[in-house]
Amino acid sequence: MSDGLMIEVSNLTKRYAGHTAVSGISFTVERGEIVGLLGSNGAGKSTTMRILSCYMPATSGTVRVAGYDVFTQADEVRRRIGYMPENNPLHPEMRVREYLKFRARLKGLGWRRSRERVDVVLEQCALTDVSRKIIGNLSKGYKQRVGLADALVHEPELIILDEPTIGLDPRQIRSVRQLIKDLARTHTVLISTHILSEVEITCSRVLILHEGKILAADTPDNLQKLMGDHGQVVAEISAPLAELQDCWEQMAEVAHFDLSPAEGDYQRCALTPQNGADLRPLIFAVARERGWQLRELTRSRPSLEDIYVRVIRPNGEEEI
Ligand code: ATP
């Protein structure tokens, strides 16, 4: 078994009738990592996760989880994986505790152990108060927690979550993300999402999947840096227009700028940096030095689409 590696994917390909969903991807995940699989709809995230969780076979390639082969040692792999599929299929007519006990038994836990583990995961996922409620009557946020509790009930080392926050409201998203972060302290986590901010908030490393291929694998910070010149800063400043123009022209760190009138006697300055530098400290210092009123200073973050475009077409050529 490979030291420290929880997931080893090598040359994995999955073809559905006439369509290649995953095309020869390779990646590893170390024990204790929290890795995000980022990609838009149809990128191949769910397919990859289903293969990892032994839900379907690959067309070719090898996948090992905790050193076990997902094809030939599926039972060992299943014991170590807690998988929450997209759209999380629960039994809506069952009560929360009853369902989790049923799932625990299905996963091979004895009667006594099931009871103990269900109590632990109910607590862990903040479900104790609704343990006697019917699943179908719960909010989407609670249902998602039930799905997580299900994934955790057999004490897996690796948790695989397919789009765990999709369809939740902002408050529910925050609480599910917090729960994932808490779990990440004691588990290895692989999470799929199409939302860039999600991986920034939760993941230590990101794999960008596009049309079945991995286009980039790095920390969220390094991926942002890939964007370089996209760190545009917007500042709303109250100052004479000519002085502002002059100032930005003189500032070597500014590649180009655009000024437009804002509410009151403020100018909205959109400033693009040279070499991806963060202009905010400079702008703040200049405004203070010259006695200008500054009421907004924000740096735009590149979107997933921006990063895609950069990763897919590194030289910036337009798609025809
Ligand atoms: P989404 O977030 O929309 O689920 P995804 O990144 O998870 O996207 P997959 O569900 O893995 O992507 O799908 C990858 C590609 O494979 C898509 O083009 C999809 O239409 C196709 N696909 C997925 N499942 C099947 C299937 N059972 N039969 C045929 N094609 C499939």
Side-chain angles (χ1 to χ4, degrees), residues 7-29 34-65 70-71 74 77-78 81-90 140-141 143-144 147-148 150-151 158-170 172-173 176-177 180 188-203 205-218 220 223 303-313 319:
I7 302 176
E8 300 169 75
V9 172
S10 178
N11 241 331
L12 176 68
T13 292
K14 177 70 189 182
R15 272 185 223 105
Y16 296 111
H19 177 75
T20 304
V22 173
S23 182
I25 63 169
S26 300
F27 66 91
T28 56
V29 174
I34 168 157
V35 172
L37 212 50
L38 181 68
S40 48
N41 290 343
K45 307 180 296 291
S46 302
T47 300
T48 305
M49 292 186 147
R50 278 187 214 126
I51 295 169
L52 252 69
S53 315
C54 312
Y55 270 73
M56 71 183 174
T59 306
S60 60
T62 57
V63 178
R64 297 178 84 79
V65 169
V70 297
F71 313 118
V77 172
R78 282 200 190 98
I81 287 189
Y83 170 51
M84 186 169 86
E86 203 178 4
N87 305 322
N88 192 14
L90 303 166
K140 181 107 200 321
K143 282 185 189 143
Q144 210 63 339
L148 268 169
D150 175 0
L158 169 64
I159 309 171
I160 295 186
L161 309 171
D162 198 353
E163 303 257 7
T165 60
I166 208 163
L168 301 184
D169 70 33
Q172 294 168 334
I173 287 177
V176 168
R177 276 185 191 158
I180 295 168
T188 309
V189 182
L190 182 67
I191 173 174
S192 81
T193 180
H194 62 278
I195 309 164
L196 180 65
S197 62
E198 184 130 309
V199 290
E200 282 183 294
I201 293 164
T202 34
C203 304
R205 203 154 57 86
V206 183
L207 309 173
I208 296 188
L209 203 59
H210 181 74
E211 294 176 354
K213 294 201 171 88
I214 292 177
L215 297 183
D218 217 325
L223 284 176
S303 67
L304 170 59
E305 281 67 30
D306 292 334
I307 289 184
Y308 265 160
V309 171
R310 180 57 59 95
V311 170
I312 299 161
R313 296 189 292 281
E319 196 170 31

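Heavy atoms only: backbone and side chains are in, while hydrogens, waters and symmetry mates are out. In what follows, residues are counted from 1 in the order of the sequence shown. Start at 1 and go down the list; that is how both ligands and their atoms are numbered.
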field: Those residues that, when tested against F27, pass ring pair (Phe, Tyr, Trp, His ring centres under 6.0 Å) (two or more places apart)
entry: none
query: So how far is it from T28 OG1 to E8 CD, rounded to the nearest 0.5 Å?
result: 7.5 Å
query: Is there a protein heavy atom at a distance of less than 4.0 Å from atom 25 (C) of ligand 1?
result: yes
query: Which distance, rounded to the nearest 0.5 Å, do you find between the CD1 of I173 and the CD of Q144?
result: 10.0 Å
message: As an exercise, state the distance from CG of L158 to CG of L52, rounded to the nearest 0.5 Å.
response: 7.0 Å
message: Does the protein place a non-hydrogen atom closer than 4.0 angstrom to atom 30 (N) of ligand 1?
response: yes
field: Residue pair R78, Y83: steps toward the side-chain contact (heavy atoms from CB on, under 4.5 Å) verdict
entry: CA-CA 9 Å; R78 282 200 190 98; Y83 170 51; over 6 Å; no
field: S40: numbered ligand 1 atoms lying under 4.0 Å from its heavy atoms
entry: 6 (O)
- request: Note the single closest protein heavy atom to atom 13 (O) of ligand 1, along with its residue, its atom name and the distance in Å.
  value: T47 OG1, 3.8 Å
- prompt: Closest heavy-atom contact between H210 and L215?
  reply: CB-CD1, 3.3 Å
Residue, atom name and distance, where the atom is the protein heavy atom closest to atom 1 (P) of ligand 1: G42 N, 3.8 Å
message: I need the T20 OG1 to E211 CD distance, nearest 0.5 Å.
response: 11.5 Å
field: atom 27 (N) of ligand 1 [closest protein heavy-atom partner, distance rounded to 0.1 Å]
entry: Y16 CE2, 3.6 Å
Closest protein heavy atom to atom 16 (O) of ligand 1, given as residue, atom name and distance to 0.1 Å: A21 CB, 3.3 Å
- prompt: ligand 1 versus E86, non-hydrogen atoms closer than 4.0 Å: side chain, backbone, both, neither?
  reply: side chain
statement: Nearest heavy-atom approach of Y16 to A21 is CE1-CB, 3.4 Å
- prompt: Quick one: nearest non-hydrogen protein atom to atom 12 (O) of ligand 1, plus distance?
  reply: G44 N, 3.1 Å
- request: Say whether H19, considering both its backbone and side-chain N or O atoms, lies within less than 3.5 Å of an N or O atom on ligand 1.
  value: yes
message: Taking only non-hydrogen atoms of G39, do any sit less than 4.0 angstrom from ligand 1?
response: no
task: Quick one: closest heavy-atom pair of E86 and D162, and the distance?
output: N-CB, 3.5 Å
query: Mind checking whether S46 has an N or O less than 3.5 Å away from an N or O of ligand 1?
result: yes
query: Which ligand 1 atoms, with their elements, are less than 4.0 angstrom from a heavy-atom of E163?
result: 2 (O)
